[in-house]
Amino acid sequence: MSQDPYPSELPSPGHKNPYDGGAYGNAGGYPPNQPGSSPYQPTGSYPSGLYQSSYQTMEGEKAAQLSLILGLVGFFVAGIILGPLAIWQARKAERLGVPATAGKVLGWIVTALYALAILSGILFFVLIIVGFGATAGFGS
């Protein structure tokens, strides 16, 4: 029962303080830095431009966002105008290599809904005019 359950955590015989650098021989007990490197900078290198967007990608992202905004606003105001604009911006974004499916779908939905609303309004007025014409014939 006197055996230590964690023998690997015991300091070596020459080290009495566990915080004096231990086996690495430097202050703090951390692994030594590579020659010429700072302890506060990453040692790995990343390819330049890997995470930077190109001008074309940024323009495509702008067009995709504008397409989505036009599609959403088109549900409430002037959808017959904003719907086709949303479709146009989505196509522009896709030409630039950025997917804009949401904006395109919203643009088509808004355009179709407003087109149906306009057609039903025209049909309603035609039926009213035909109805008044039919009732005018009964009075004479």
Side-chain angles (χ1 to χ4, degrees):
M1 297 288 170
S2 65
Q3 186 177 6
D4 187 16
Y6 305 105
S8 62
E9 292 183 5
L10 293 175
S12 61
H15 294 97
K16 300 202 191 296
N17 186 353
Y19 302 106
D20 69 349
Y24 296 116
N26 60 359
Y30 298 110
N33 293 329
Q34 300 296 327
S37 68
S38 169
Y40 302 108
Q41 294 183 2
T43 56
S45 63
Y46 298 103
S48 63
L50 182 63
Y51 297 108
Q52 295 176 354
S53 296
S54 68
Y55 176 76
Q56 182 177 356
T57 305
M58 288 177 16
E59 288 296 314
E61 288 174 358
K62 282 183 191 178
Q65 289 175 357
L66 184 58
S67 170
L68 183 62
I69 291 169
L70 289 171
L72 288 172
V73 172
F75 270 113
F76 305 105
V77 181
I80 199 68
I81 296 168
L82 296 180
L85 286 176
I87 296 167
W88 175 62
Q89 287 293 324
R91 287 185 181 161
K92 179 180 175 183
E94 289 175 348
R95 275 195 312 266
L96 294 172
V98 177
T101 307
K104 185 186 285 188
V105 169
L106 283 174
W108 279 111
I109 290 172
V110 166
T111 303
L113 286 176
Y114 270 84
L116 286 174
I118 289 172
L119 288 176
S120 64
I122 292 171
L123 181 65
F124 177 73
F125 284 117
V126 167
L127 289 176
I128 287 178
I129 292 172
V130 169
F132 280 136
T135 58
F138 287 117
S140 43

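- In this structure Lys92 satisfies the salt bridge (Lys or Arg N to Asp or Glu O under 4.0 Å) test with no other residue, sequence neighbours excluded.
- For Val126, the side-chain contact (heavy atoms from CB on, under 4.5 Å) partners at least two apart in sequence or on another chain are Ile122, Val130.
- The salt bridge (charged side-chain N to carboxylate O under 4.0 Å, His left out) contacts involving residues 62-83 comprise Glu59-Lys62, where partners must be two or more places apart or lie in separate chains.
- When every heavy atom of Ala100 is checked against every heavy atom of Ala93, the shortest pair comes out as CB-CB, 3.9 Å.
- In the hydrophobic cluster analysis, where Ile, Leu, Val, Met, Phe, Trp and Tyr join through side-chain heavy atoms closer than 4.5 angstrom, Val73 is grouped together with Val110.
- Note on Phe76 and Ile69: same hydrophobic cluster, where clusters join Ile, Leu, Val, Met, Phe, Trp and Tyr whose side-chain heavy atoms are under 4.5 Å apart, directly or indirectly.
- Each salt bridge (charged side-chain N to carboxylate O under 4.0 Å, His left out) pair with one or both residues in residues 97-117, not counting sequence neighbours, appears once here: Glu94-Lys104.
- Two different hydrophobic clusters hold Leu119 and Leu127 under the rule that ILVMFWY side chains link at heavy-atom gaps under 4.5 Å.
- With Ser67 contributing its side chain and Ala63 its backbone, the two residues share no donor-acceptor pair below 3.5 Å.
- Annotation: the span from Leu113 atom CG to Ile118 atom CD1 amounts to 11.5 Å, rounded to 0.5 Å.
- Here the CD1 atom belonging to Ile80 is positioned 6.0 Å from the OG1 atom belonging to Thr111, to the nearest 0.5 angstrom.
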Notebook entry, point to check: Do Tyr114 and Ile81 pass the side chain to side chain contact (heavy atoms under 4.5 Å, CB included) test, and can you show the C-alpha distance, the side-chain angles, and the key distance before you say yes or no?
Noted result: CA-CA 9 Å; Tyr114 270 84; Ile81 296 168; over 6 Å; no

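- Residues Ala64 and Val98 share a closest heavy-atom pair of CB-CG1, 4.1 Å.
- By the rule that hydrophobic residues join a cluster once side-chain heavy atoms approach within less than 4.5 Å of another member, Ile129 and Leu123 end up as members of separate clusters.
- Here CD1 of Ile109 is found 10.0 Å from CD1 of Ile87. Values are rounded to the nearest 0.5 Å.
- Annotation: side-chain contact (heavy atoms from CB on, under 4.5 Å) contacts of Leu70 (sequence neighbours excluded): Leu66, Leu82, Leu85, Ala86, Gln89.
- Not a single side chain to side chain donor-acceptor pair (under 3.5 Å) links Thr101 to another residue, sequence neighbours left out.
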